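What you see is a predicted model, and the numbers here were worked out from it, not measured in a lab. In what follows, residues are counted from 1 in the order of the sequence shown. Because only heavy atoms are used, hydrogens play no part in the values below, and waters and symmetry mates are left out as well, while side chains stay in.
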Amino acid sequence: MQQPFDTSGAPAGCPAHGNVPLYGSDFGSDPESMYAQLRTLGPSAPVDIAPDVEVELVTSYDASLYILQNPTLFVRDSRRWNALNDGAIPADSPALPMMGYRPNALFSDGAAHARLRQAVTDSLATVDQSRIVRLTQQSADYLISQFSSEAMGQAELMSAYAQPLPLLVFGELFGCPPELGDRVIAGITGIFQGTPGADETLGGALAELIALKRRQPGEDLTTRLMVHSSRLTDEEVLHQLVTLLSGGTAPLTASIGTSAALYLSDDWPSGLPVEDAVVKTLWNYAPIANYAAHYPTQDVELGERTLHAGDPVLISFAAANNDPKLTAHREQLSSKAHLAFGAGPHACPAKDPAFMIAATAVESLLNRLPDVEMRVPFKELAWVPAPWSRQLVTVPIRYTPRTVPSAAKPRPARPASAQAAPSAAAMPQPAAFSRPSHAAPKPKGGMFSRFRAWVNGE
């Protein structure tokens, strides 16, 4: 047995009455207490991530880094999963959509991973940062226009803003025409909501999008993936798009909602920029809370526990970021030292654009609704009781009702300075794509079709 990580003195053993369940209302209401209990067992402990699904959860920051940065000893291909191969995982388990193998960069290793990841990173690199800011502001303006003129002056920020905004941005980045964009959004939304047939809806829409781009290439991520020198098959392109969509939209929803709620809370220090609220969210409320299943290629000793070859080891980004061992010196760490975007060869390839979208979305909300405030104290907000993400259920806000003008002055864009993004002065300031919500009847179609019609002034 290898003993690569020394955590001498850590207590061993399991909870007295079985594994800690990382699902349900008890966990969702107070995950920090669960993590504290697990830390008493050492750098990792056995938990049930779903009913009848046991995994080893790593709560230590140092141990998490060790695993994330050691792709030889810990691989991502879930076809190694012992319990799944033995038929011990229920076929309808909610863990399967999150942990089951897909032919994408997330679940690949070695040369296969390098090939797929290179296609993704190179394609993302072609998206200009100013375009990301512009698309985010454009999407924000549209969504705010849909609820800001209501007479009651109240809205629920998660459903009206934080959830749909990343979907609109990704629809544009993928180069979706309106009808296909509607189906892509319906598919990915349905997957997160557990809607039957959502997988087929998303897969069919993306397959049609790829076929369209074969006939009519464009300046979009879909085309960039298709023409990349890695020569991805259409199936591979589809799975990379699914990864970008699922890995980008849900965490961004959580980041936008939590960052806005933090910034609007009574405890937020006056004068601190929005970017600081996003950084605090990534440190304290990691949007992807427990994920990144790794499979040891051989038995490994971690503290006084044995991680068995082929048994899943999950990283608790939420627990690792709040590891008490970091408390004494966390303020001296770089703002990027958190693990919310992962680390090592599988770290999020879009961390800078993601930070920029979250910060711009919150900034746009504050600029458009300057008197917006919370209707409920931050500490009283409820969290979604899911093990995978850390997301607020609702963020109730109030504001002075207003109509978003059709020719508003450009707002200053403050992209992710904390992530080494260009300064606002270096960014072109786009004119607002806004018009009164009463200017014309709402067009037919889904959200993306209505958004595109609104942008075009139809």
- Task: Find out whether Phe107 and His239 are in side-chain contact, i.e. whether some heavy atom of one side chain is under 4.5 Å from a heavy atom of the other.
- Result: no
- Message: As an exercise, state the distance from CG of Leu244 to CZ of Phe174, rounded to the nearest 0.5 Å.
- Response: 5.0 Å
- salt_bridge(Lys325, Asp62) N-O dist < 4.0 Å: no
- Taking atom CE of Met356 and atom OG1 of Thr136, what is their separation to the nearest 0.5 Å? 8.5 Å
- Item | Arg76 and His113, any side-chain heavy atoms less than 4.5 Å apart | no
- So does Glu219 have more than 12 non-hydrogen atoms from other groups sitting under 6.0 Å from CD? no
- Item | Shortest non-hydrogen separation from Ser145 to Ser148 and the atoms involved | CA-OG, 3.9 Å
- Message: What verdict does the side-chain contact (heavy atoms from CB on, under 4.5 Å) test give for Glu172 and Arg452, after you've listed the backbone C-alpha separation in whole Å, the side-chain angles of each residue and the deciding distance to 0.1 Å?
- Response: CA-CA 9 Å; Glu172 290 284 6; Arg452 290 290 297 272; 3.1 Å; yes
- Message: So Arg224 and Val127, do their side chains get closer than 4.5 Å, heavy atoms only?
- Response: no
- Query: If we only count heavy atoms from C-beta on, is the Thr126 to Asp122 side-chain gap below 4.5 Å?
  - Reply: no
- Query: About how many Å separate OH of Tyr263 and NZ of Lys280, when rounded to the nearest 0.5 Å?
  - Reply: 13.5 Å
- Message: Whether Arg390 engages the ring of Tyr285 as a cation-pi pair (distance to the six-membered ring centre under 6.0 angstrom, angle to the ring normal within 45°) should be assessed.
- Response: no
- Give a yes or no on whether the backbone of Pro287 and the side-chain of Ser389 come within a donor-acceptor separation of less than 3.5 Å. no
- Message: Tell me whether His346 contacts the main-chain N or O of Gly344 through its side chain, where contact means a donor paired with an acceptor under 3.5 Å.
- Response: no
- Item | Under 3.5 Å: donor-acceptor pair, side chain of Tyr291, backbone of Met98 | yes
- Query: Taking all atoms of both residues into account, what is the closest heavy-atom pair of Thr201 and Arg183, and its distance?
  - Reply: CG2-O, 3.6 Å
- Task: Please assess Val184 against Leu206 for the test side-chain contact (heavy atoms from CB on, under 4.5 Å), listing each intermediate value before the final yes or no.
- Result: CA-CA 7 Å; Val184 167; Leu206 290 176; 3.9 Å; yes
- Does Arg368 come within less than 4.0 Å of Asp141, counting only side-chain N to carboxylate O? yes
- Residue pair Ser44 / Glu56, side-chain donor-acceptor N/O under 3.5 Å: yes
- Message: Quick check on side-chain contact (heavy atoms from CB on, under 4.5 Å): which of Leu238, Val120, Val227, Leu116 does Leu232 satisfy it with?
- Response: Leu116
- Message: One pair to check against side-chain contact (heavy atoms from CB on, under 4.5 Å): Phe147 and Ser159. What are the steps and the verdict?
- Response: CA-CA 11 Å; Phe147 68 78; Ser159 60; over 6 Å; no
- Message: Given 3.5 Å as the limit, does a donor-acceptor pair link the side chain of Arg115 with the main chain of Arg231, or not?
- Response: yes
- Query: Where the side chain of Asp220 meets the backbone of Gly175, is there a donor-acceptor pair that is under 3.5 Å apart?
  - Reply: no
- Query: How long is the span from the CD1 atom in Ile67 to the CG atom in Asn70, to the nearest 0.5 Å?
  - Reply: 9.0 Å
- Note on the structure: Smallest heavy-atom separation, Tyr35 atom then Ser316 atom, equals CE2-OG, 3.6 Å
- Query: Is any side-chain heavy atom of Lys379 closer than 4.5 Å to a side-chain heavy atom of Asp267?
  - Reply: yes
- Does the side chain of Thr258 reach to within under 4.5 Å of the side chain of Trp383, using non-hydrogen atoms? yes
- Which word best sums up how the rings of Phe451 and Phe448 line up, parallel for under 30°, tilted for 30 to 60°, or perpendicular for over 60°? tilted
- To the nearest 0.5 angstrom, please state how far the CD1 atom of Ile397 sits from the CG atom of Leu157. 4.5 Å
- Query: Within the side chain of Ser93, is there an N or O that forms a donor-acceptor pair under 3.5 Å with the backbone of Ala95?
  - Reply: yes
- For Gly257 and Leu392, the nearest pair of non-hydrogen atoms, with its separation, is O-CD1, 4.0 Å
- Nearest heavy-atom pair of Val372 and Tyr399: which atoms, and what distance? CA-CB, 4.1 Å
- Determine, step by step, whether Leu221 and Gln240 satisfy the side-chain contact (heavy atoms from CB on, under 4.5 Å) criterion, reporting the C-alpha distance in whole Å, the side-chain angles of both residues, the deciding distance to 0.1 Å, and the verdict. CA-CA 10 Å; Leu221 279 176; Gln240 307 326 301; over 6 Å; no
- Message: Between Ile357 and Leu165, is there a side-chain heavy-atom distance shorter than 4.5 Å?
- Response: yes
- Heavy-atom closest pair (Glu275 atom, Ala359 atom, distance to 0.1 Å) is CG-CB, 4.3 Å
- Query: Any salt bridge between Asp77 and Arg79, counting N to O under 4.0 Å?
  - Reply: yes
- Quick check: does any side chain N or O of Glu236 sit under 3.5 Å from a backbone N or O of Pro103, one acting as donor and the other as acceptor? no
- Polar side-chain atom of Asn104 near backbone of Thr243 as donor-acceptor pair, under 3.5 Å: no
- For the pair Asp109 (side chain) and Val75 (backbone), establish whether a donor and an acceptor sit closer than 3.5 Å, ignoring hydrogens and angles. no
- Should the pair Trp81 and Tyr295 be assigned to parallel (<30°), tilted (30 to 60°) or perpendicular (>60°) ring geometry? tilted
- Does Asp266 CG have over 12 foreign heavy atoms under 6.0 Å away? no
- Query: Any donor-acceptor pair under 3.5 Å linking the side chain of Arg450 with the backbone of Gly445?
  - Reply: yes
- When rounded to the nearest 0.5 angstrom, what is the spacing between CG in Leu241 and CG in Leu173? 11.0 Å
- Would you call Lys351 and Phe355 a side-chain contact if the rule is heavy atoms closer than 4.5 Å? no
